[in-house]
Amino acid sequence: MVASVTITTSLELLAAQVDCEFLTLPTGSKVFSRGSRADSIYGVRRGIIEVIGESGERLCYRPGELFSYQDILWRDGIYRNEAVARTPVEILRLDRLRFLNLLHNHPTLAVLLISQQHERLREQRTSGTCCY
């Protein structure tokens, strides 16, 4: 009998992938730069990543959260933001094709990502940082 594993978070699902890379970066390190090729999705295991948008807007991602998935889904294939480690971090990296295969094989991951985005919008609305 094969034991099944229930994965309850998007980060656990990402970490379970065979080809997932684990990276440790010091404070101030760039994860990716605006305009570079969007080839991977990232998840935070430890620390804080700050994503800075084209207009200077800033979002922080904490343990358990995925970031950059929006950029790898766009057709032009470039990062629209830059990501910087604001503390020492441990992050997961999964390339674009494997992430898209993961979405195909685990459609509930899309629901988890939508839920994460919904929580972000709720936080922004509550704090008054959301622009319409």
Side-chain angles (χ1 to χ4, degrees):
M1 176 179 240
V2 177
S4 68
V5 178
T6 302
I7 298 175
T8 57
T9 70
S10 52
L11 188 65
E12 288 173 337
L13 192 55
L14 193 69
Q17 301 309 298
V18 174
D19 296 324
C20 187
E21 254 185 284
F22 294 84
L23 306 169
T24 302
L25 302 172
T27 301
S29 297
K30 278 194 178 179
V31 178
F32 55 80
S33 299
R34 184 176 302 114
S36 61
R37 197 174 118 233
D39 60 357
S40 300
I41 183 172
Y42 296 88
V44 182
R45 288 186 75 187
R46 183 178 63 82
I48 299 172
I49 294 289
E50 184 177 49
V51 176
I52 305 161
E54 294 172 303
S55 305
E57 66 276 5
R58 297 168 183 267
L59 289 174
C60 287
Y61 290 84
R62 291 173 170 73
E65 295 183 305
L66 301 182
F67 63 100
S68 78
Y69 57 88
Q70 302 94 328
D71 289 327
I72 68 170
L73 297 175
W74 295 113
R75 294 175 198 247
D76 59 2
I78 61 165
Y79 289 116
R80 291 177 165 73
N81 308 302
E82 85 175 13
V84 179
R86 288 298 170 218
T87 65
V89 295
E90 289 178 11
I91 58 176
L92 307 175
R93 178 183 176 277
L94 187 66
D95 74 47
R96 181 180 189 278
L97 180 59
R98 286 184 174 77
F99 173 66
L100 294 175
N101 285 334
L102 181 62
L103 276 176
H104 178 76
N105 293 327
H106 299 277
T108 55
L109 176 58
V111 175
L112 291 170
L113 293 174
I114 290 167
S115 174
Q116 177 183 318
Q117 196 66 20
H118 175 72
E119 285 303 313
R120 286 231 167 256
L121 289 171
R122 184 182 304 203
E123 286 173 17
Q124 290 174 336
R125 209 177 277 159
T126 303
S127 70
T129 60
C130 187
C131 299
Y132 297 96

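Just so it is clear, the structure is predicted and the values come from calculations on it, not from any experiment.
- D71 contributes atom CG, which lies 6.0 Å from atom CZ of F32 (distance to the nearest 0.5 angstrom).
- The shortest heavy-atom contact between C60 and R62 is CB-NH1, 3.4 Å.
- We find the CD1-CD1 distance between I91 and I41 to be 11.5 Å, quoted to the nearest 0.5 Å.
- Within the structure, side chain to side chain donor-acceptor pair (under 3.5 Å) pairs that include any residue of residues 31-46 comprise S40-R93, R46-E90 (at least two apart or interchain).
- Nearest heavy-atom pair across A83 and I49 is CB-CG2, 4.0 Å.
- Shortest non-hydrogen contact noted between P26 and A85 is O-CB, 3.6 Å.
- Under the 4.5 Å side-chain heavy-atom criterion for Ile, Leu, Val, Met, Phe, Trp and Tyr, V31 and L23 are members of the same hydrophobic cluster.
- Under the 4.5 Å side-chain heavy-atom criterion for Ile, Leu, Val, Met, Phe, Trp and Tyr, L94 and L92 are members of the same hydrophobic cluster.
- Of all non-hydrogen atoms in N81 and E54, the two that sit nearest each other are OD1-N, 4.1 Å.
- Taking the side chain to side chain donor-acceptor pair (under 3.5 Å) definition, one finds that D95 meets it with R98, sequence neighbours left out.
- Interatomic distance, L66 CG to Y61 OH, rounded to the nearest 0.5 Å: 9.5 Å.
- With sequence neighbours left out, T87 forms a side chain to side chain contact (heavy atoms under 4.5 Å, CB included) with I48, V89.
- With sequence neighbours left out, the salt bridge (charged side-chain N to carboxylate O under 4.0 Å, His left out) criterion links E50 to R58, R86.
- R96 CZ to L102 CG: the interatomic distance, rounded to the nearest 0.5 Å, is 13.5 Å.
- Contact record, G43 with F67: N-CE2, 4.4 Å, taken as the closest heavy-atom pair.
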